[in-house]
Amino acid sequence: MDYNFTAIEQKWQKYWEDNKSFHAENDYSKPKFYALVEFPYPSGQGLHIGHPRPYTAMDIVARKRRLEGYNVLFPMGWDAFGLPTENYAIKNKIHPAIVTEKNVARFKGQLKALGLSFDWDREINTTDPDYFKWTQWIFLQMFKKGLAYKKEMNVNWCTSCKVVLANEEVVQGKCERCGGEVVHKVKSQWMLKITEYAQRLLDDLSEVNYLEKIKATQTNWIGRSTGAEVDFGTTTGDKLTVYTTRPDTLFGATYMVIAPEHPNIEKWADLLTNMDEIRAYQELAAKKSDFDRTEMNKDKTGVELKGVKAINPVNGKEIPIFISDYVLMTYGTGAIMAVPAHDTRDYEFAKVFNLPIIEVVKGGDVTKEAFTDCATGIMTNSGFLDGLSVEDAKIKIKEWLEETGKGKSKVNYKLRDWVFSRQRYWGEPIPVVYCEKCGWVALPESELPLKLPDVESYMPTDNGESPLATLESFINTTCPCCGGPAKRETDTMPQWAGSSWYYLRYCDPHNKDAIASKEALDYWMPVDWYNGGMEHTTLHLLYSRFWHKFLYDEGVVGTKEPYMKRTSHGMILGEDGQKMSKSRGNVINPDDVIKTYGADTLRLYEMFIGDFEKTAPWSPSSIKGCKRFLDRVWGLQDIITEGDGYRKPLEASFHKTIKKVSEDIESLKFNTAIASLMALINEIYAQGSITKGEFKTFITLLNPFAPHITEEMYNTVFGEVLSKQQWVAYDENLCVDESVEIVVQINGKVRAKLTVPAGIDKDKQIELAMADPSVKSQIEGKTIVKQIAVPGKLVNIVVK
RNA sequence: GCCGGAGUGGCGAAAUGGCAGACGCGACGGACUCAAAAUCCGUUAUUGGCAACAAUGUGUGGGUUCAAGUCCCAUCUCCGGUACCA
C-alpha cells in the first residue's frame, strides 16, 4: 500500500506554485490573518532538521485559516547579513553577496520541498538594497529624534586576531575563532536608546497574548526596580549620589563603594594619598574580561580611597569610601551605600575589610550572616525609623529625603541601551557622516540606500575598524549640511537591525516609496500569531517591539504592538538527547528524510514527536510509525463506498475528532490532534469501509498536516483541489456516543463497570450501580455513608 | 543565588480533580510466505495467580478530598535562562 510520495509531492508543489495557491490577496475587505515565523539566517549548512518544526506548525495554522475563509498572509524571507557568511567570505576570498545568494537558493529549495504554504511573491532579503534602504531610513528617523547617539564603550577585543568581537564570539573568555585572549577595549559606538521605551515595553505586555514565560523573561530582562537616590556628602564638599532599593536601611550604611571607573576618582586625585594603589586596582579591573569578573565572584577585592570620606546624610557620620569591581558603572549611579547587615555582597566585603556591621532590621543574626529576607521585619538602631515596619520605613525615609532635599524616589531598569555598531563589512552601512564643523550629520533620504562598496578584503583592520575604513573613496564625502569635507561612518549595523521591522515589509514588499503603504499596514497589522524560538525573547523580540513603538510614535504604523500572540517551540535534539552538532555526529539532514519518507511524513513526525513547546529527541524508528499511518491513509482509497453522511457507529467519533483536531491546532497540541486521527483511522479500518462523506472529512482534517497526499487523494476522488475547499464543522450534540461505560467505585476503588445510556442523570446512574449484582454483593452488610455520581463518568459509593 | 520549566511503562508520550499509561515506537506470539521483508491480527506498567481476580504504581515525605499525576506544604534531581543590577 506504499504510495509514490516523491511524485505526488513534486506534482502538488508545482501546482501550488503555478497557481499561486497561497497568494495573500490585497483585498482589504476580507477578514485577514497574519501568521508569522522567524525568517532564517541562510547558513552554508542548509536547513536544519529543527527548522521545519515551527514552520510546519504555523503552516498548519495558516492552511486551516485559509480553509476557514480567511485571507492569510504567511510570508518568508532571509535574515542574510551576519558573521558566518562574512567569515566564509574572508576565508575563501569571495563576495558575501555571492555566498548569500547561493545559500538562499539552497534554503528556498529545501523549504519548498517541505510543502510550506508561503506566499513566495512576498519574499524579502535583508541584504537587498531595496530592503535595507528602509532599515537605514528607520535608523535616520531615530537619529533625528535623538534616539541614536555615539558613546565610548567597552568592546571585546581579541589580542591575537586584533579584531573586535561580538559577545557571541567570546566563549569562556577566549576568542571563538583562534582561542586567543579577549580583553576590553574602549571604542566609540553607536547606541540606540531602548531604555527610553523601558516602561512602555513593560506596561504593554499586558495588552498582548504572549506565553507567560515569554512575558516573565522580558519583564526580568527589563528589570524594573523602585527605590531612591540618596546624596551622600563628602569631606571634599562634593556629593556622591547612590541608588538603593533599600533606603529604609540608611542608618546601617557603614561605608560606600564606587565603581573603579567612577569619575570622582579623577576629581579627587590630588587629595588621595594612595593613588598608586588605586591606579593599580583600576588597571586590573579594566583588564578583566566579563568572564574573569564573574569568576572572581567569591572573593571581594577593593581599595579604600584614603584622604576622602563620605558623610551619611541621615546621621552625619563619616564613613570610608572604597573602589571595588563588584560595583558596576553601568547600573544605577555607579556608587552604592553599603549596608553589610542586610546585603550579602556588602557583608562579604565588610568581613574582608573588617568594617562595622550595624543591624537595622530585627529578626536575623547579623553576627553570622547578612539578614536579607527581612521584608516583614521591624526597624532598629535607626533613629526616627525605629519601631516601624520595613514597608512604612521606606515611605517615611523617602518623605524625609524629599523634604530635606537629600534624595528622591527613583525607578531603575536593568535594561541597557542597545550597542548598534559593528566593525564589520557584511551589514547595513550606518548612513551618517562626520563633519568637523557640523558634527554627526544624517544623509539625506535621497541618498538612500547607502550601498556597501566593494573592498579588497573583508577582514577588519589592525586597529579594529571596519574594512570600510580602508576605502578612501568611500570615507571621503561632503557634508550634506555645510558642503564642506566630511567622513562617512564606517561601522555597520548589527544583524538584529534588519529583523527588527521585517514583518512590516511583508505587508507590501515591493513598495518603492515607503516601508509599506498605509492601507497595507492598516489592514495586515498587527501580526496575529508569531511563533519563534525562546532564545530570541530578550533580543529580537524586544528590539522589534522597541522599533515598532518608535514607528508608532512617528505615525508610520497604527498599532502599539507588532505581535498579538507569541508562542515558542522546543528544540529538536539528536537521537542521543544531545544538541545536534557535527562533532557529536548526531545531525539529521532533512533532505535525507524527505528522500526516504517524503515531506508529509517528516511534517507529520515533527508534529507528533511530543509537546510542541518542549525539546524532543529525534527518533529514527518513530518516524516509521508516521509513514505507516500515511500508508494506511493512502489505503483508504481501496475501501471507499458511496454515501454522504457519517454512518451510525462512526458518527460520534467523527464529530469528536473534528472537534479535537480543530481545538488542538489552536492550542499547538498537534501531537494529540494526530493521535486522534490515528485512532479514527483504526476505527474506520475496523468497519472495513469508508463512505465518500467520511473520506472527505478525514482527508480535510489531515490536510494541514500532510498537504500533498491529501490533495492527491481528494483530487482523485472528487476531481477538485482540496486547498480551495472548506474546513469541516462538527455538532457538539453529536459528539456523544449513544451509550457510555461508567465505573462504579466502592470507597474510591473501581469494583465494576457498567454501560449506561448517554445523558443519564445522577439518580438513575446511582440506581443502576446499586442494582449491579457484583456491587450488591460487595456492599452487603455495610452502611452506606455517601453516594457520589458524575453523569457519564462514575459512581462512587462510600461504605463503612 | 534568582527567574522559568520538567520528573509518569523498555522508549517518545497522553490524561477540564473522576477508570493512569490514549496514540506511536519497540518487544513477544500468530497469519500470509519456500523463506525474508512488507502487511494484517493479538499480547504488552509491576508483582502474585492456570484463571476470574487481587495488591502495588505518576521523583520523595506529608496534607486537603468521597476521589489527587492533577490542588496545598515541604523536599530532592534534571534542563533552560540570567547573574556581584545595589
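All figures in this text were calculated on a predicted structure; none of them were measured in a lab.
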Checklist entry - With both distances under 3.5 Å as the test, what is the Watson-Crick or G-U wobble partner of B:C71? => result B:G63

Item to check | Phosphate OP1/OP2 of B:U39 contacted by A:Arg628 side-chain N/O (<4.0 Å) | outcome: yes

Checklist entry - Is the shortest distance from a Lys or Arg side-chain nitrogen in A:Asp631 or A:Lys627 to a carboxylate oxygen in the other one below 4.0 Å? => result yes

Checklist entry - What integer distance in Å separates A:Lys624:NZ from B:A27:C1'? => result 13 Å

Next on the checklist: When the C1' atoms of B:U46 and B:G9 are compared, how many Å lie between them, rounded to an integer?
Outcome noted: 9 Å

Next on the checklist: Salt bridge check, A:Asp737 against A:Lys656: does any charged N sit closer than 4.0 Å to a carboxylate O?
Outcome noted: yes

Checklist entry - Does the side chain of A:Thr254 come within less than 4.5 Å of A:Val339's, by heavy atoms? => result no

Next on the checklist: Categorize A:Glu212 for me: base, sugar-phosphate, or nothing, with a 4.0 angstrom heavy-atom threshold over every strand shown.
Outcome noted: nothing

Next on the checklist: Given B:A14, B:C40, B:C85, identify the nucleotide with an atom nearest to the side chain of A:Tyr331.
Outcome noted: B:C85

Item to check | B:U77: pairing nucleotide in any strand, Watson-Crick or G-U under 3.5 angstrom | outcome: B:A6

Output a table of nitrogen or oxygen pairs between the protein and nucleotides 51-58 of chain B separated by less than 3.5 Å.
residue : atom : partner  : partner atom : Å
B:U56   : OP2  : A:Lys749 : NZ           : 3.1

Please list, for nucleotides 64-67 of chain B, all pairs of protein and nucleotide N/O atoms separated by less than 3.5 Å.
residue : atom : partner  : partner atom : Å
B:C66   : OP1  : A:Lys786 : NZ           : 3.3
B:C66   : O2'  : A:Asn796 : ND2          : 3.3
B:C66   : O2   : A:Asn796 : ND2          : 2.7

Item to check | Which nucleotide in B:C23, B:U82, B:C84 has an atom nearest any side-chain atom of A:Met678 | outcome: B:C23

Checklist entry - Under a 3.5 Å cut-off for both distances, is B:C53 Watson-Crick or wobble paired, and to whom? => result B:G48

Checklist entry - Looking for any heavy atom pair under 4.0 Å, which part of the strands does A:Asn671 touch: base, sugar-phosphate only, or nothing? => result sugar-phosphate

Checklist outcome for this item: Relative to its sugar, using the 90° cut-off around 0, the base of B:G9 is syn

Next on the checklist: Counting the atoms with a prime plus P, OP1 and OP2 as sugar-phosphate, which does A:Thr244 contact under 4.0 Å by heavy atoms, base, sugar-phosphate, or nothing?
Outcome noted: sugar-phosphate

Checklist entry - With A:Phe670, which residues qualify under ring-ring contact (aromatic ring centres under 6.0 Å, His included), at least two apart? => result A:Phe612

Item to check | Among B:G18, B:C23, B:G4, the nucleotide that comes nearest once only the side chain of A:Lys213 is considered | outcome: B:G4

Checklist entry - Do A:Arg632 and B:C40 share a donor-acceptor pair, side chain to base, under 3.5 Å? => result no

Checklist entry - When you compare B:C50 with B:C25, how far apart are their P atoms, in angstrom units rounded to a whole number? => result 33 Å

Next on the checklist: Tell me if the centroids of the rings in A:Phe608 and A:Phe629 come within less than 6.0 Å of each other.
Outcome noted: no

Checklist entry - So, A:Tyr605 versus A:Trp618, ring centres under 6.0 angstrom or not? => result yes

Item to check | Residue list, side chain to side chain contact (heavy atoms under 4.5 Å, CB included) with A:Ile766, at least two apart or on another chain | outcome: A:Met770, A:Gln787, A:Ala789, A:Val795

Item to check | Integer angstrom distance from the C1' of B:C3 to that of B:G12 | outcome: 29 Å

Next on the checklist: Taking only the C1' atom of each, what is the distance from B:G69 to B:A15 in whole angstrom?
Outcome noted: 9 Å

Item to check | salt bridge (Lys or Arg N to Asp or Glu O under 4.0 Å) assessment of A:Glu606 paired with A:Arg53 | outcome: CA-CA 6 Å; A:Glu606 291 214 7; A:Arg53 199 183 196 192; 5.7 Å; no

Checklist entry - Do A:Glu38 and A:His536 have side-chain N/O donor and acceptor atoms under 3.5 Å apart? => result yes

Checklist entry - Would a line drawn from the ring center of A:Phe698 to the ring center of A:Phe654 be shorter than 6.0 Å? => result no

Checklist entry - In the strands shown, is B:G1 matched to any nucleotide by a Watson-Crick or G-U wobble pair with both distances under 3.5 Å, and which? => result B:U82

Next on the checklist: Main chain of A:Val360, side chain of A:His342: is a donor-acceptor contact present, judged purely on distance under 3.5 Å?
Outcome noted: yes

Checklist entry - What interatomic distance, in whole Å, is found between C1' of B:A13 and the corresponding atom of B:G18? => result 22 Å

Checklist entry - Do other residues, nucleotides or ligands put more than 12 heavy atoms under 6.0 Å from the NZ atom of A:Lys565? => result yes

Next on the checklist: Taking only the C1' atom of each, what is the distance from B:U60 to B:C78 in whole angstrom?
Outcome noted: 15 Å

Checklist entry - Considering only heavy atoms, which members of residues 611-620 of chain A lie under 4.0 Å from some atom of RNA chain B? => result A:Asp611, A:Lys614

Item to check | Pair partner, B:C28 [Watson-Crick or wobble, under 3.5 Å] | outcome: B:G42

Checklist outcome for this item: Side-chain atoms of A:Ala675 come closest, of B:C23, B:A86, B:U16, to B:C23

Checklist entry - For RNA chain B, whose closest nucleotide is more 5', that of A:Thr245 or that of A:Thr672? => result A:Thr672

Next on the checklist: For the P atoms, the ones on B:U75 and on B:G80, what distance do you get once it is rounded to whole angstrom?
Outcome noted: 24 Å

Checklist entry - Is A:Lys669 touching bases, backbone alone, or none of the nucleic acid, heavy atoms closer than 4.0 Å? => result sugar-phosphate

Next on the checklist: Is the shortest side-chain heavy-atom distance between A:Arg632 and A:Met678 below 4.5 Å?
Outcome noted: no

Item to check | Atom-pair distance (CD1 on A:Ile258; C1' on B:A86), nearest Å | outcome: 15 Å

Checklist entry - Expressed in angstrom and rounded to an integer, what is the separation of A:Ile214 atom CD1 from B:G5 atom C1'? => result 13 Å

Item to check | Pi-cation contact, A:Tyr331 with A:Lys414 (under 6.0 Å, within 45°) | outcome: no

Checklist entry - Whole-Å distance between B:C85 P and A:Ile222 CD1? => result 19 Å

Next on the checklist: Could you identify the nucleotide paired to B:G17, looking across every strand shown and requiring Watson-Crick or G-U wobble geometry with both distances under 3.5 Å?
Outcome noted: none

Checklist entry - Which is it for A:Ser225 and A:Tyr243 under the side chain to side chain donor-acceptor pair (under 3.5 Å) test, yes or no, and what are the steps along the way? => result CA-CA 10 Å; A:Ser225 70; A:Tyr243 171 72; 2.7 Å; yes

Checklist entry - Does one side chain, of A:Tyr413 or A:Gln199, offer a donor that lies under 3.5 Å from an acceptor on the other? => result yes

Checklist entry - A:Glu732 and A:Lys659: salt bridge (Lys or Arg N to Asp or Glu O under 4.0 Å), yes or no, with the steps? => result CA-CA 8 Å; A:Glu732 188 74 57; A:Lys659 182 178 181 190; 3.0 Å; yes

Next on the checklist: Rounded to whole Å, please give me the gap between NZ in A:Lys753 and C1' in B:G18.
Outcome noted: 13 Å

Checklist entry - Taking the C1' atom of each, how far is B:C32 from B:C23, in whole Å? => result 27 Å

Next on the checklist: Can you list, in residue-number order, the parts of residues 657-668 of chain A that come under 4.0 Å of RNA chain B, counting heavy atoms only?
Outcome noted: none

